[in-house]
Amino acid sequence: MIYAIILFAVTYVGMIAFSKYRPFIALGSALIFIVSGMLPLGKIFGAIDFNVLLMIAGTMGLVQLFIDSKMPALLADFIMERSQTYKLRQLHFPCLQVSFQPLLITLQPYL
């Protein structure tokens, strides 16, 4: 049990630290779980939460459509046009970053 928690923590930190290699880190961790016997072979498909995988795939599809539509650039241009002074522009962008933090995290690999 303690090894599973340690492996999970190492996997989580590794995925944050090396975002380009997330799939490899996740697959490597899953392989360690299986090879070490923490997850028996007969329970592999029962351990996969397909609802979460499909939700992530749908979110990634929507993000890609959002990026392809050039909407982030249009929003930035709109805000810059509406901000009359430099001080207002400095105020708007940090507010947007806080408001759209989940979207910015999702878009990070594409920026």
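Here the straight-line distance linking atom CZ of Phe66 with atom CE of Met71 works out to 6.5 Å at 0.5 Å rounding.
Residues satisfying the side chain to side chain contact (heavy atoms under 4.5 Å, CB included) criterion with Phe24, sequence neighbours excluded, are Tyr21. The side chain to side chain contact (heavy atoms under 4.5 Å, CB included) check on Leu27 picks up nothing, with sequence neighbours excluded. For Phe50, the side chain to side chain contact (heavy atoms under 4.5 Å, CB included) partners are Ile48, Leu53, not counting sequence neighbours.
Ile67 and Leu62 fall into different hydrophobic clusters, where Ile, Leu, Val, Met, Phe, Trp and Tyr are joined by side-chain heavy atoms under 4.5 Å apart, directly or via other members. Both Leu41 and Leu39 sit in one connected hydrophobic cluster of ILVMFWY residues. Membership requires side-chain heavy atoms under 4.5 Å apart, directly or through other members. Ile32 and Met1 fall into different hydrophobic clusters, where Ile, Leu, Val, Met, Phe, Trp and Tyr residues are linked whenever their side-chain heavy atoms come under 4.5 Å apart, directly or through other members.
Applying the side-chain hydrogen bond (donor to acceptor under 3.5 Å, both in side chains) test to residues at least two apart or on different chains, none of the pairs has a partner in residues 44-58.
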Donor-acceptor pairs under 3.5 angstrom involving side-chain atoms of residues 6-17: please list them, not counting sequence neighbours.
from: Thr11; atom 1: OG1; to: Leu7; atom 2: O; distance (Å): 2.7
from: Thr11; atom 1: OG1; to: Ser29; atom 2: OG; distance (Å): 2.8

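Side-chain heavy-atom separations under 4.5 angstrom define the hydrophobic clusters, and Leu65 shares its cluster with no other residue.
Nearest heavy-atom pair, Leu74 versus Ser69, reported as atom, atom and distance to 0.1 Å: CD1-O, 4.5 Å.
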